[in-house]
Amino acid sequence: MIKAVNVNKYFYIPEELHALRDVSLEIAAGEVVVVIGPSGSGKSTFLRCLNRLEYADAGHIYMEEKDILDPKCDINKIRAEVGMVFQSFNLFPHMTVLENVVMAQMTVRKRSRKDAEARGMELLGKVGIAEKHGVYPDQLSGGQQQRVAIARSLAMDPKVMLFDEPTSALDPEMVGEVLDVMQNLAREGMTMVVVTHEMGFAREVADRVVFMDAGQVLEVGTPEHFFTSPQHERTKLFLSQIL
Amino acid sequence: MSRYVGLDRPKGPGYFLFWKTVFVVLLLGFMSFVYVASSAVEYVWRWERVPQYFWLQEDVDVRAEVEGELASIRRDADSTVLTITTQGHEQVRRLPAGAEVHLSEGDYVYQGDSIASYHQSKPGVLLDGLWITLKVSLIAIVFGIVLGVATGLCRISVNPALRWAAITYIELIRGSPLLVQIFLWYFVAGTLINGILQGMGLGAMPPLWYGVLALAIFTGAYVAEIVRAGIQSVHRGQMEAARSLGLGYGQAMRKIILPQAFRRILPPLAGQFISLIKDSSLLGVIAVRELTKATREVVSSSLQPFELWILCAVLYLVLTFALSVLIQQLERRALR
Ligand SMILES: Nc1ncnc2c1ncn2[C@@H]1O[C@H](COP(=O)(O)OP(=O)(O)OP(=O)(O)O)[C@@H](O)[C@H]1O
Ligand SMILES: [Mg+2]
């Protein structure tokens, strides 16, 4: 499904920084991969490279065999297949909840308004927020906004969902409702890459856990492996701090 | 009302009554000062003469310009046509349909004889000027918006040709006085363009269009900066969210970024367009008879500068006020 081979990414502003060092990772269809690691380790950068919000400087990234770093690749088409959920929701504030979910279906997928609204309402129902379809995002709580954002991505019928710390901006009592939605999604067989600090989610839902530090993938393994017998000193240290 | 209400001790009712009275007294004082001062220079106010510059109502007495025979009177739907023959030579006078002709066909007239009269009712000089000002401003605003949005988008483009072109345009236009630009458009560009048009067998472009051009291009540069700031004020996460759904750059701009930017830039845009309406008063220098030039002409023939200049200012105020109310309305609606 996704294959990253020796991905390198540099930032030059404000100073030169080797943000990703030879990151390689293969993700199979239907797999849920949770990426953990200390702040600044390059988790977001790696995730953003997967749908080219950041352009990797070296290496290869394949989405279903298509090399997304190839200049001839139509990135808009790829992105429509790859849903992304942000830490800060990024809902469109000038549109109602339903409009948020409908807009891209019509412009990108060329669906009729009727079909798009039907699909939109179906997904809003799935994330448990259908009754709020007519309100604007700023009238929703953080947890509700994030669920709308998930529905907005799902409306494109993506093959992969990327989550970048989807619960980090939420009040503690709202974390659960978002994680539930994600867990259901995983159960339905969605391929997911999730950056999160929610170790409970990693333990229960992940098929594999990836530990990143200083731009490198240090350790990859099953949740049992991670939470019972981590190999690297850095991993042990990180887990001891966070658990 | 005020922003910082509640930080100090609440004001009693006497406070407001007192200061409102002070305001009214100051206002009345100012007005009586103007009146007294104008009496001191023996200025005679004649407001009753002003309406005619707005709407002209007059009885026109038509007099013969040549001596000869009134050969024919023809009336049709929108005019009355008189033909006077003088030694085999015909003179045709075209009058409005309702004109009352005092003579009949075959009568002989001498130069200066009254041959007909009619009542005329048409917009006066000031109303004409107001209309020109309004027309010039509206066209310039429309072009200014189009130009400004396009330039604003070029200004943030990664393409150096587009970006540098936008910067050059903005800096050039903002760096010189509008009056000089109007002269440049009319006397320099105008000479070249009219030369080319004449070479192609077309007529010269009227000064009004050079005026519109100068105003639109001037405003476009300022609008471009307002638009750029507006776009940049939209959080970049919005663009990322839109693009990660598969929208192209143009689609994301149109559907996500510009609508949000638009709301924020309405107040500065309103200010820019109000400036434009006022700046259109400079177009008098290239013989566009807008409100200020019209007023100047009327002043020099009527010798009533006080009334007319006050009126002129009030008319501008009406235009600018209407515009700002309109934009406030838009803003309220765009708030969602
Ligand atoms: N656009 C950028 N320009 C410059 N440096 C950046 C940029 N984005 C990220 N970085 C830097 O790259 C490094 C990795 O950042 P990244 O956001 O991927 O970390 P992260 O693992 O997601 O951390 P966190 O848990 O805090 O989100 C950091 O040192 C960060 O400062
Ligand atoms: Mg991050």
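In what follows, every chain begins at residue 1, and chains take the letters A, B, ... in the order their sequences are listed. Because the structure is a prediction, the values reported are computed rather than measured.
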State, to 0.1 Å, how close [X] and [Y] come at their nearest heavy-atom pair, and which atoms those are.
X	Y	answer
A/Arg152	B/Ala241	NH2-CB, 3.5 Å
A/Pro93	B/Gln238	CD-OE1, 3.5 Å
A/Met95	B/Lys255	CE-O, 3.8 Å

In Å, rounded to the nearest 0.5 Å, how long is the span from [atom1] of [X] to [atom2] of [Y]?
X	Y	atom1	atom2	value
B/Glu240	A/Asn90	CD	CG	7.0 Å
A/Phe92	B/Leu245	CZ	CG	5.5 Å
B/Ser244	A/Met156	OG	CE	9.5 Å
B/Leu247	A/Asn76	CG	CG	8.0 Å

Does atom [atom1] of [X] have more than 12 heavy-atom neighbours from other groups under 6.0 Å away?
X	atom1	value
B/Phe321	CZ	no
B/Lys11	NZ	yes
A/Glu65	CD	no
B/Phe23	CZ	no
A/His197	NE2	yes
B/Tyr169	OH	yes

Structural part of A/Val108 lying under 4.5 Å from a heavy atom of chain B: side chain
Proximity breakdown for A/Leu162 and chain B, heavy-atom pairs closer than 4.5 Å: neither
Part of B/Arg236 lying under 4.5 Å from any heavy atom of chain A: side chain
Selection from A/Arg109, A/Met103, A/Met84 maximising heavy-atom pairs under 4.5 Å formed with chain B: A/Met103
Worked check of side-chain contact (heavy atoms from CB on, under 4.5 Å) between B/Ile256 and A/His94: CA-CA 8 Å; B/Ile256 306 302; A/His94 60 301; 4.2 Å; yes
